Amino acid sequence: MRKLTEKRIVLASHNAGKLREIAELLAPYGIEVVSAGDLGLTEPAETEDNFAGNARIKAHFAAKASGLPALSDDSGIEVDGLDGQPGVYTADWAETPQGRDFKMAMTRVWALLLEKQVLKPWRARFCCTLCLAWPDGHDEIFAGTVEGQVVWPMRGEHGFGFDPIFQPDGLKETFGEMDPSQKHDMSHRADAFAKLVAGCFGD
């Protein structure tokens, strides 16, 4: 597995919430994170039907365009009662002509669960796949998950995306109610990051 020796990387995302989380996770390792948006890079089409495939598209695009190692994150929520939806289409469910509306997307999940008469608990998980790619075409892939359930109504103002309706196993708070540092310690992204750190950082 290739080690990361560079101290500056590109986050292959225009999502401010992801940039904030990832910058905080990488700060202890002395790595500066700059977003693809800050560099004026466009976003490539995500044409794969799985997290790893889309993560690879984004990371390789940013690495080649910037000449720096690039880290991408493809993540989403899988709801068992909806046959794993929205999954890789999590962000798509929030798209509107005016931008992303996650309250609308969360309401859609809730409405579909009621429509399908899915019994509670509404089992779900957040999935995250990280791809670290270098300009020469090499990459490393790391996947993480956190199990829990969908709850309604939405709770909390922290986090982003579907956080206000996801309650991780063993806790009574949603990701939207948690202090960000508590979420960072246990999230799907933290799980994937622990594997990234073990594989690509240090000796």
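Keep in mind that what you see is a predicted model, and the values were worked out from it rather than measured.
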Trainee: Determine whether Leu4 and Glu140 make a side-chain contact, defined as any pair of heavy atoms from C-beta on separated by less than 4.5 Å.
Mentor: no
Trainee: Walk me through it: do Val150 and Trp110 pass the test side chain to side chain contact (heavy atoms under 4.5 Å, CB included)?
Mentor: CA-CA 8 Å; Val150 168; Trp110 170 70; 6.0 Å; no
Trainee: Using a strict 4.0 Å threshold on nitrogen-to-oxygen distance, state whether Asp73 and Lys58 make a salt bridge.
Mentor: no
Trainee: Would you name the heavy atoms of Ser13 and Ser35 that are closest together and state the gap between them?
Mentor: O-CB, 3.6 Å
Trainee: In Å, rounded to the nearest 0.5 Å, how long is the span from CG of Asn54 to SG of Cys131?
Mentor: 11.0 Å
Trainee: Is it the case that one hydrophobic cluster holds both Ile22 and Tyr29, taking links as side-chain heavy atoms less than 4.5 Å apart, direct or via other members?
Mentor: yes
Trainee: Between CD1 of Ile31 and CG of Leu71, what distance do you get to the nearest 0.5 Å?
Mentor: 9.5 Å
Trainee: Answer yes or no: is there a donor N or O on one side and an acceptor on the other, between the side chain of Arg123 and the main chain of Val79, under 3.5 Å?
Mentor: no
Trainee: Tell me, do Leu112 and Glu115 make a side-chain contact under 4.5 Å, heavy atoms counted?
Mentor: yes
Trainee: Is a side-chain donor or acceptor of Trp122 paired with a backbone partner of Val118 at a separation under 3.5 angstrom?
Mentor: yes
Trainee: Give a yes or no answer on whether the side chain of Lys3 reaches the backbone of Gly199 with a donor-acceptor pair at less than 3.5 Å.
Mentor: yes
Trainee: For residues Cys200 and Arg2, report the shortest heavy-atom separation together with the two atoms involved.
Mentor: SG-O, 3.3 Å
Trainee: Under a 4.5 Å side-chain heavy-atom rule over Ile, Leu, Val, Met, Phe, Trp and Tyr, are Leu119 and Leu82 clustered together?
Mentor: no
Trainee: What are the two closest heavy atoms between Phe51 and Cys127, and how far apart are they?
Mentor: CE1-CB, 3.6 Å
Trainee: At what distance, to the nearest 0.5 angstrom, does CD of Gln182 lie from OG of Ser187?
Mentor: 11.0 Å
Trainee: Just verifying a value: how many Å separate Met106 CE and Arg108 CZ, rounded to the nearest 0.5 Å?
Mentor: 14.0 Å
Trainee: I'd like to know if Val10 and Leu196 are part of one continuous hydrophobic network [Ile/Leu/Val/Met/Phe/Trp/Tyr, side-chain heavy atoms within less than 4.5 Å].
Mentor: no
Trainee: Do you reckon Leu171 sits in the same ILVMFWY cluster as Val146, going by side-chain contacts under 4.5 Å, direct or chained?
Mentor: yes
Trainee: To check you understand the geometry: which heavy-atom pair defines the closest contact between Pro180 and His158, and what is its length?
Mentor: CD-ND1, 4.3 Å
Trainee: Please report the closest heavy-atom contact between His14 and Leu41, naming both atoms and the distance.
Mentor: NE2-O, 2.9 Å
Trainee: What is the ring orientation for Phe126 with Phe175, classed by angle as parallel under 30°, tilted 30 to 60°, or perpendicular over 60°?
Mentor: parallel
Trainee: Would Gln167 and Arg155 count as a side chain to side chain contact (heavy atoms under 4.5 Å, CB included) if you check the C-alpha gap in whole Å, the side-chain angles of each, and the deciding distance to 0.1 Å?
Mentor: CA-CA 10 Å; Gln167 181 178 308; Arg155 304 197 319 247; 3.2 Å; yes
Trainee: Looking at NE2 of His60 and CH2 of Trp134, how far apart are the two atoms once the value is rounded to the nearest 0.5 Å?
Mentor: 10.0 Å
Trainee: I'd like to know if the side chain of Thr90 reaches the main chain of Ile77, judged simply by a donor and an acceptor atom lying under 3.5 Å from each other, with no hydrogens or angles considered.
Mentor: yes
Trainee: Crowded around Glu6 CD? As in, over 12 foreign heavy atoms under 6.0 Å?
Mentor: yes
Trainee: Hey, does the Lys NZ or Arg CZ of Lys195 hover above the aromatic six-ring of Phe201, less than 6.0 Å from the centre and inside 45° of the axis?
Mentor: no
Trainee: For residues Thr174 and Pro164, report the shortest heavy-atom separation together with the two atoms involved.
Mentor: CG2-O, 3.5 Å
Trainee: Does the side chain of Phe193 reach to within under 4.5 Å of the side chain of Leu130, using non-hydrogen atoms?
Mentor: yes
Trainee: Closer than 4.0 angstrom, basic N to acidic O: yes or no for Arg100 and Glu95?
Mentor: yes
Trainee: Can you check whether Pro168's main-chain N or O pairs, donor with acceptor, with Glu147's side chain at less than 3.5 Å?
Mentor: no
Trainee: Assess the residue pair Arg125 and Asp80 against the criterion (side chain to side chain contact (heavy atoms under 4.5 Å, CB included)); give the C-alpha distance rounded to whole Å, side-chain angles, the decisive distance to 0.1 Å, and a yes or no.
Mentor: CA-CA 8 Å; Arg125 72 203 49 77; Asp80 289 352; 3.0 Å; yes
Trainee: Between atom CZ of Arg189 and atom NZ of Lys183, what is the distance when rounded to the nearest 0.5 Å?
Mentor: 6.0 Å
Trainee: Just to verify, which of Trp93, Phe162, Phe160 counts as forming a ring pair (Phe, Tyr, Trp, His ring centres under 6.0 Å) with Phe102?
Mentor: Phe162
Trainee: Is it true that Lys64 and Asp136 make a salt bridge, defined as a side-chain N closer than 4.0 Å to a carboxylate O?
Mentor: no
Trainee: May I ask you to test the Lys18-Ser75 pair for a side-chain heavy-atom distance under 4.5 Å?
Mentor: yes
Trainee: Linking I/L/V/M/F/W/Y whenever their side-chain heavy atoms sit closer than 4.5 Å, directly or via other members, would Ile165 and Tyr89 fall into one cluster?
Mentor: yes
Trainee: With the side chain counted from C-beta on, respond yes when Leu113 and Trp152 share a heavy-atom pair under 4.5 Å apart, and no when they do not.
Mentor: no
Trainee: So that I can tick it off, tell me whether Arg56 and Asp74 are bridged by a salt bridge, with the cut-off set at under 4.0 angstrom between side-chain N and carboxylate O.
Mentor: no
Trainee: Any chance you could lay out the side chain to side chain contact (heavy atoms under 4.5 Å, CB included) test for Asp139 and Leu132, step after step, and finish with the verdict?
Mentor: CA-CA 5 Å; Asp139 69 40; Leu132 180 61; over 6 Å; no
